[in-house]
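FYI, side chains are in, hydrogens and waters are out, and symmetry mates aren't considered; it's all heavy atoms of this structure. When a ligand or atom number is given, it counts from 1 through the structure's own listing order.
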Amino acid sequence: VPAERIVEMTAVLTGSATSVALDGVVKDFGKTRVLHELSLEIRAGEFVSLLGPSGCGKSTALRLIAGLEDPTAGAIRMNGEDVTHLPTNRRDIGMVFQSYSLFPHLNALDNTRFGLDMRKVAKEQAKAMALESLELVGLGGLAERYPHELSGGQQQRVALARALVTSPKVLLLDEPLSALDARVRVQLREEIGRIQKELGITTIFVTHDQEEALAISDRVAVMHAGRIEQIGTPEELYLTPATPEVAAFVGLSSLLPAVVHGGTATIWGQLVPVVGGAPDGEYRAFVRPENVHVAGPGQSGAAATIETSVFLGSSRRTEARLESGEVVSLQHPADMRLERGASVRLVIEPAPVVVTAA
Ligand code: ADP
Ligand code: MG
């Protein structure tokens, strides 16, 4: 049984998790169509990211799931129940946004218990639940602090505690890490992953940061211009991107001229399978840096000149310019040094590639 099925079954058995489905959801703002028949099924207990460039419709999709916007057409279901027209406060969701949305005049504890006080939970019980929620996000000792006495990362932890304190069925996160600096961002995303698995709560995470989405998600839905281009595990998206948009947005690639014949591309004389196939013709292929190598002695390949080489710790990333003028990225072991200006021959591995119009 795959791990995600176990998480899902556990969540269903403990009654704590909910599936979420979008079915042909359309959203127009005036005459502008922002979402085009979005369909998406998120399993109970699953962590799914909506990934795409700014303006592609991620927040709008999340706000529809939250009930903060009404869809123009289509349906939204939670555990199979139609919630399309249910108000936000009856959807049993917790939300965290990018900007710190804490009340500045309330301390961490009172910010956290806010949703419970609104629901008229008894005072002592609300306090105990809020403290437990703060404990969960690693802020047990800071309950008395006011927002201005907390770092950005700590404020987002309070926002998370506040979203979780009512034990919602679905957690919605809209770029909750993007205002934080790089180190805190990585720490907090790992923390969110841990908490999500611990609670088994169905989570939808919006981000424009592909590394973040790949690191944290069970599955990622890549969005482009109001459509889902592809949904899959991080590995599926990286290894078999369904469209040029996905190939370009997920991971780094060089675009190299390719000739396709009978479903196979020829790049630098090397035969390479084409993901999803393509009619015969001339294309450009997305080639990953780890699939480009310096040719060994006696091996032929494309002539190139080394331009830059950057040390990344366990590997190096090198840019080389072909005689045709194109720049190719390659990734190789750190102990292989390629000096600027050196002449090399490059070869590629026959790993499957995505192609786009030349
Ligand atoms: P993302 O979160 O991916 O950056 P959004 O969902 O915020 O994208 O926005 C998608 C598109 O919808 C953008 O072109 C944006 O300008 C437009 N949009 C979002 N909200 C509104 C609104 N309330 N009125 C009009 N246009 C909007
Ligand atoms: Mg947004």
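- Residue Ser54 has at least one heavy-atom neighbour below 4.0 Å for each of these atoms of ligand 1: 4 (O).
- Counting only heavy atoms of the protein, atom 8 (O) of ligand 1 lies nearest to Gly57 N, 3.3 Å.
- Among the atoms of Ser59, an N, O or S atom is found under 2.8 Å from the Mg ion (ligand 2).
- Using a non-hydrogen distance threshold of 4.0 Å, Gly52 does not register as a contact of ligand 1.
- Ion pairing of Arg194 with Glu191 is present here, as a side-chain N (NZ or NE/NH1/NH2) and a carboxylate O approach within less than 4.0 Å.
- For atom 23 (N) of ligand 1, the closest heavy atom belonging to the protein is Phe29 CE2, 3.5 Å.
- Side chains of Thr243 and Glu229: a donor-acceptor N/O pair is present below 3.5 angstrom, by distance only.
- Looking at atom 6 (O) of ligand 1, its nearest protein heavy atom turns out to be Thr60 OG1, 2.6 Å.
- Of the protein's heavy atoms, Gly55 N, 3.5 Å lies nearest to atom 1 (P) of ligand 1.
- Between Thr84 and Asp82, the side chains place a donor N or O and an acceptor N or O closer than 3.5 Å (distance only, hydrogens not considered).
- To the nearest 0.5 Å, the span separating CH2 on Trp268 from CG on Leu256 amounts to 5.0 Å.
- Judged by the 6.0 Å distance and 45° axis criteria, Arg162 is positioned over the aromatic ring of Phe103.
- By the criterion of a heavy-atom distance under 4.0 Å, the side chain of Val34, and not its backbone, is placed next to ligand 1.
- A cation-pi arrangement, defined by a distance under 6.0 Å to the six-membered ring centre and an angle within 45 degrees of its axis, is present between Arg288 and Tyr238.
- Per-atom contact check: atom 21 (C) of ligand 1 touches the protein, criterion being a heavy-atom distance below 4.0 Å.
- Side chains of Arg33 and Thr72: a donor-acceptor N/O pair is absent below 3.5 angstrom, by distance only.
- In this structure, Lys58 contributes its side chain and Pro53 its backbone to a donor-acceptor pair below 3.5 Å.
- In terms of protein heavy-atom proximity, atom 7 (O) of ligand 1 is closest to Ser59 CB, 3.7 Å.
- Within a 4.0 Å radius of atom 3 (O) of ligand 1, the protein contributes one or more non-hydrogen atoms.
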